[in-house]
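Sequence lines set the chain letters: A, B, ... in the order given, protein chains first and strands last, and positions in each chain run from 1.
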2 protein chains.
Amino acid sequence: MAEAQGTILTDRQVEVLELREKGHTQREVADKLGTTDSNVSAIERAAESNVEKARRTLELVQTLRAPVQFTVSAGTSFDDLVTRVYAHGDEAGIKIAYCRPELYTHLYGMLEEVTNANRLERSTTIGLTKDGEVDVYADSVTSTE
Amino acid sequence: MAEAQGTILTDRQVEVLELREKGHTQREVADKLGTTDSNVSAIERAAESNVEKARRTLELVQTLRAPVQFTVSAGTSFDDLVTRVYAHGDEAGIKIAYCRPELYTHLYGMLEEVTNANRLERSTTIGLTKDGEVDVYADSVTSTE
DNA sequence: ATGAACTCAAATAGAAGTGTTTGAGATAAA
DNA sequence: TTTATCTCAAACACTTCTATTTGAGTTCAT
């Protein structure tokens with residue numbers, strides 16, 4: 001079995017996820033583990049909740065570690081976006097960890113879905129960390145919540 | 001304050017991380033929160049431990065969800081199947097946990113029912129985990145005529 | 001050597017999470 | 001209809017985690 005130690009999942013939860021991942025039904029897993037399908041359902045739900053919590057935790061920490069945040073409005077071109085990243089970095093004494101073409105690629109990778117003809121279709125929030133990392137915040141990309 | 005809800009960090013932990021990120025010493029944070037520096041140290045340690053756990057949790061889940069999957073069509077010979085497992089493993093930087101004859105046996109054990117004259121009677125989906133395990137996905141075996 | 005910043009371990013009360021049972025219900029296919 | 005699959009909620013005993021205190025260390029620059 002995969003190792004649950006060092007994670008927020010319990011052994012039981014990993015056991016269930018593994019078997020479910022292989023395509024077994026909850027009932028089959030329940031039989032294998034000597035319990036009921038509704039119990040397996042509950043364990044699976046707890047596991048998924050834990051995974052979601054882990055995701056949000058890393059998201060939050062990244063935000064906390066981004067001392068500089070700014071938002072660019074819809075319609076901004078990628079060139080302008082890249083320029084503004086450097087400008088905000090300079091202003092805060094942060095050396096951006098990417099040279100210009102790298103940054104262009106990095107941002108495009110994260111913003112592809114909201115980009116059209118080299119312009120942003122949505123206003124977008126950018127975060128800079130002390131060590132020069134550049135993040136796009138999820139709610140800018142996802143919205144719809 | 002940033003929102004700790006939905007994460008595995010407590011409000012207290014986020015409070016401490018935020019103030020520390022702004023550059024305050026543990027003593028300063030302690031004064032602000034009305035407690036001791038050693039308590040702040042402990043809270044900070046707990047928070048870091050939680051972040052690490054979150055990181056490992058997502059890592060584990062990614063492993064569970066088999067990072068490499070591919071499908072071979074009906075009529076493929078076992079020899080070709082085995083070759084492709086190694087090829088996909090190489091491509092993804094995964095060292096398959098079986099030497100060739102072992103893998104042959106392993107796959108045959110799982111695919112015996114859909115095999116005839118050393119050829120697959122059905123198209124079959126294979127999953128590779130990071131640690132080199134080779135899985136056959138249930139829906140390939142069970143369903144889809 | 002003094003002080004500042006930080007770490008570490010043991011102990012404790014209270015809070016939060018765990019797997020489980022039980023029983024009910026939703027949904028869709030046979 | 002029945003059956004299979006899965007979900008949901010309340011309750012439970014049990015375990016783990018949390019913040020906190022106390023007291024003792026470490027490291028390091030002055």
Would one find a side-chain N or O of B/Arg27 under 4.0 angstrom from OP1 or OP2 of C/dG3? no
Classify the side-chain pair A/Glu133/A/Tyr98 by whether it contains a donor and acceptor separated by less than 3.5 Å. yes
Could you give the CZ-to-C1' distance, from A/Arg12 to D/dC14, as a whole number of Å? 15 Å
I want to verify a distance call: between C/dT21, D/dT21, D/dC6, whose nearest atom is closest to the B/Thr36 side chain? D/dT21
Output the single nucleotide from C/dT18, D/dA19, D/dT21 whose closest atom is nearest the side chain of B/Thr35. D/dT21
Side-chain heavy atoms of A/Phe78 within contact of A/Leu111, under 4.5 Å: yes
When all nucleic acid strands are considered with a 4.0 Å heavy-atom cut-off, which category describes B/Asp11: base, sugar-phosphate, or nothing? nothing
Interatomic distance, B/Arg45 CZ vs C/dA10 P [rounded to whole Å]: 12 Å
Nearest-angstrom distance from the residue atom CD of A/Glu15 to P of C/dT18: 16 Å
How close or far is atom P of C/dA4 from atom NE2 of B/His24, stated in whole angstroms? 18 Å
What is the distance, to the nearest angstrom, from the CG atom on A/Leu33 to the P atom on C/dT18? 17 Å
Select base, sugar-phosphate, or nothing to describe what A/Thr25 touches, counting heavy atoms under 4.0 Å on all strands. sugar-phosphate
Examine A/Val29 and A/Ile43 and state if one hydrophobic cluster contains both, with Ile, Leu, Val, Met, Phe, Trp and Tyr joined whenever side-chain heavy atoms are less than 4.5 Å apart. yes
Nearest-angstrom distance from the residue atom CD1 of A/Ile43 to P of D/dA9: 17 Å
B/Val51 and A/Leu58, any side-chain heavy atoms less than 4.5 Å apart: yes
Between A/Arg55 and A/Glu52 (salt bridge meaning N to carboxylate O under 4.0 Å), is one present in this structure? yes
Write down the distance between CD (A/Gln26) and P (C/dA26), rounded to a whole number of angstrom. 18 Å
At under 4.0 Å between heavy atoms, what does A/Ser38 touch on the DNA or RNA strands: base, sugar-phosphate, or nothing? base
Distance test, side-chain N/O of B/Gln13 to OP1/OP2 of D/dC17, below 4.0 Å: no
For a quick test of reading the model: is some side-chain N or O of B/Asn39 closer than 4.0 Å to OP1 or OP2 of D/dT22? no
Give a yes/no answer on whether the side chain of B/Lys53 brings an N or O atom under 4.0 Å of OP1 or OP2 in D/dC17. yes
Mapping A/Glu28 and B/Ala46 onto DNA chain D by nearest heavy atom, which one lands closer to the 5' end? A/Glu28
Categorize A/Glu44 for me: base, sugar-phosphate, or nothing, with a 4.0 angstrom heavy-atom threshold over every strand shown. nothing
Stems formed with participation of DNA chain C [Watson-Crick or G-U wobble, under 3.5 Å, three or more pairs]: C:1-30 with D:1-30
Can you tell whether the side chains of B/Glu15 and B/Arg12 come within less than 4.0 Å, N to carboxylate O? yes
Counting only side-chain N and O atoms of A/Ser41, is one of them less than 4.0 Å from OP1 or OP2 of D/dC6? no
Euclidean distance, atom CD1 of residue B/Ile8 to atom P of D/dT16 [Å, nearest integer]: 17 Å
For residues 31-76 of chain B, pull every pair meeting ring-ring contact (aromatic ring centres under 6.0 Å, His included), keeping only residues two or more places apart or in separate chains. B/Phe70-B/His88
Modelled atom types, side-chain donor and acceptor of B/Ser123 and B/Ser73, under 3.5 Å: no
